Amino acid sequence: MSVNADSAKNPRVTWNLVHLSETTSTNDICRAMPPWSAVRADSQTRGRGRFGRAFVSQKGGLWLSASLPATGPAEVWAGFSLRVGASLLAYLKSLGLSAARLRWPNDILCGPRKLAGLLIEQPASGELIVGYGMNVLNEPWNDSPELKETSTRLADWISPVPDLENLTNGILEALADAHRQMLAGGMLVAIEELNAGWTEPVPVEISLASGGSVRG
């Protein structure tokens with residue numbers, strides 16, 4: 001397993017970024033690192049989403065975890081997943097991904113299909129671990145055919161696709177921005193951003209417990 005040290009910068013934060021060819025879970029590696037550290041892996045063997053669900057993490061995708069300081073009272077960080085989602089959504093739209101939208105609490109979609117997922121954990125006081133996985137060039141349905149109807153990848157929406165290094169830098173900048181905004185004003189700005197994005201009607205289908213479905 002090769003390990004390379006690198007750094008990704010934004011105007012106010014310098015990240016210590018470690019690149020691994022393969023690991024079990026970037027979130028688990030990041031737990032042992034100080035704030036403003038990040039881990040990116042080419043692939044994960046035990047990537048996970050919410051509730052410990054398996055998350056397909058092949059080469060060609062972006063698998064990244066970052067450690068951020070959770071300074072101040074715990075209530076400062078209430079709703080942080082939505083603040084992160086709003087900042088990441090703004091970054092993706094800046095790439096020309098106009099179809100991107102946030103499905104609360106932790107999925108980023110393009111159209112009806114999942115492009116990326118978030119996993120935020122707080123393993124110890126004073127630290128937040130933000131895990132972010134995004135399909136870029138990889139095709140997760142090759143490993144899990146059931147994902148063919150529910151997943152998508154960045155390469156299907158924009159061209160040319162930014163390389164993984166540039167995407168990593170952009171995402172880390174978005175995470176640092178989310179952190180600054182939470183300290184400055186909490187969820188207010190994020191709520192305004194998300195409400196603006198949720199005003200467009202989106203077709204939905206609800207499966208009923210009694211059978212059948214309702215669309216609207």
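All heavy atoms count here, side chains included; hydrogens, waters and symmetry mates do not. This structure is a prediction, so every number in the text was calculated from the model and none was measured.
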Asker: Could you tell me whether the side chains of Asp42 and Ser21 share a donor-acceptor contact shorter than 3.5 Å?
Answerer: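 Side-chain D/A pair, Asp42 to Ser21: absent.
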Asker: Any side-chain heavy atom of Thr152 within less than 4.5 Å of one from Trp157?
Answerer: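 Counting from C-beta outward, Thr152 and Trp157 do come under 4.5 Å.
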Asker: Using only atom types and a distance under 3.5 Å, with no angle test, would you say the side chain of Asp163 pairs donor to acceptor with the backbone of Asn166?
Answerer: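 Here the side-chain-to-backbone pair exists.
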Asker: Check whether any side-chain heavy atom of Asn138 sits under 4.5 Å from a side-chain heavy atom of Trp63, and report yes or no.
Answerer: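 SC-SC contact between Asn138 and Trp63 confirmed.
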Asker: Would you confirm whether Lys93, through its side chain, and Ala100, through its main-chain N or O, come within 3.5 Å as a donor-acceptor pair?
Answerer: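 A pair under 3.5 Å: yes.
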Asker: Look at the side chain of Asn16 and the backbone N and O of Ser37, then say whether any donor-acceptor pair between them is shorter than 3.5 Å.
Answerer: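 Answer holds: no.
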Asker: Donor-acceptor pair, Asp156 side chain versus Leu154 backbone, under 3.5 Å?
Answerer: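 Such a contact is absent between Asp156 side chain and Leu154 backbone.
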Asker: What about Leu172 and Val13, same hydrophobic cluster or not, with Ile/Leu/Val/Met/Phe/Trp/Tyr joined at side-chain heavy-atom distances under 4.5 Å?
Answerer: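 As far as the 4.5 Å side-chain criterion goes, Val13 and Leu172 are connected within one cluster.
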Asker: For the residue pair Leu68 and Pro35, establish whether any side-chain heavy-atom pair is separated by less than 4.5 Å.
Answerer: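 Side chain of Leu68 against side chain of Pro35, heavy atoms only: no contact under 4.5 Å found.
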Asker: Taking Arg83's backbone N and O only, do any of them form a donor-acceptor pair with Ser87's side chain (distance below 3.5 Å, no angle check)?
Answerer: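 Here the side-chain-to-backbone pair exists.
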Asker: Determine yes or no for a side-chain-to-main-chain donor-acceptor pair under 3.5 angstrom, with Arg113 supplying the side chain and Lys148 the backbone.
Answerer: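 Yes; judged by distance alone, with no hydrogens or angles, the pair exists.
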Asker: Only counting residues at least two apart or in another chain, list the ones meeting salt bridge (Lys or Arg N to Asp or Glu O under 4.0 Å) with Glu146.
Answerer: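 Partners of Glu146 under the salt bridge (Lys or Arg N to Asp or Glu O under 4.0 Å) test: none.
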Asker: Can you tell me if Asp177 and Gln181 form a side-chain donor-acceptor pair at under 3.5 Å?
Answerer: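 Checked: Asp177/Gln181 side chains pair up, N/O donor to acceptor below 3.5 Å.
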Asker: Under 4.5 Å between any side-chain heavy atoms of Thr45 and Thr23, yes or no?
Answerer: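 Of all side-chain heavy-atom pairs linking Thr23 with Thr45, none is under 4.5 Å.
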Asker: Under 3.5 Å, is there a donor on one side chain and an acceptor on the other for Arg40 and Thr168?
Answerer: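 Yes, because at least one side-chain N or O of Arg40 sits under 3.5 Å from a partner of the opposite role on Thr168.
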Asker: Do Val84 and Val130 touch side chain to side chain, with heavy atoms closer than 4.5 Å?
Answerer: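 With C-beta onward as the side chain, the pair touches.
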Asker: Can you tell whether the side chains of Glu127 and Arg31 come within less than 4.0 Å, N to carboxylate O?
Answerer: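 The answer is no: the pair does not qualify as a salt bridge.
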Asker: So Ile29 and Val18, do their side chains get closer than 4.5 Å, heavy atoms only?
Answerer: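 Val18 vs Ile29: side chains apart.
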Asker: Kindly say whether Pro69 contributes a backbone atom to a donor-acceptor pair with the side chain of His179 at under 3.5 angstrom?
Answerer: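 Confirmed, His179 side chain pairs with Pro69 backbone.
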Asker: Ignoring hydrogens and geometry, is there a side-chain-to-backbone donor-acceptor pair from Arg153 to Leu137 under 3.5 Å?
Answerer: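 Looks like yes, one N/O pair under 3.5 Å.
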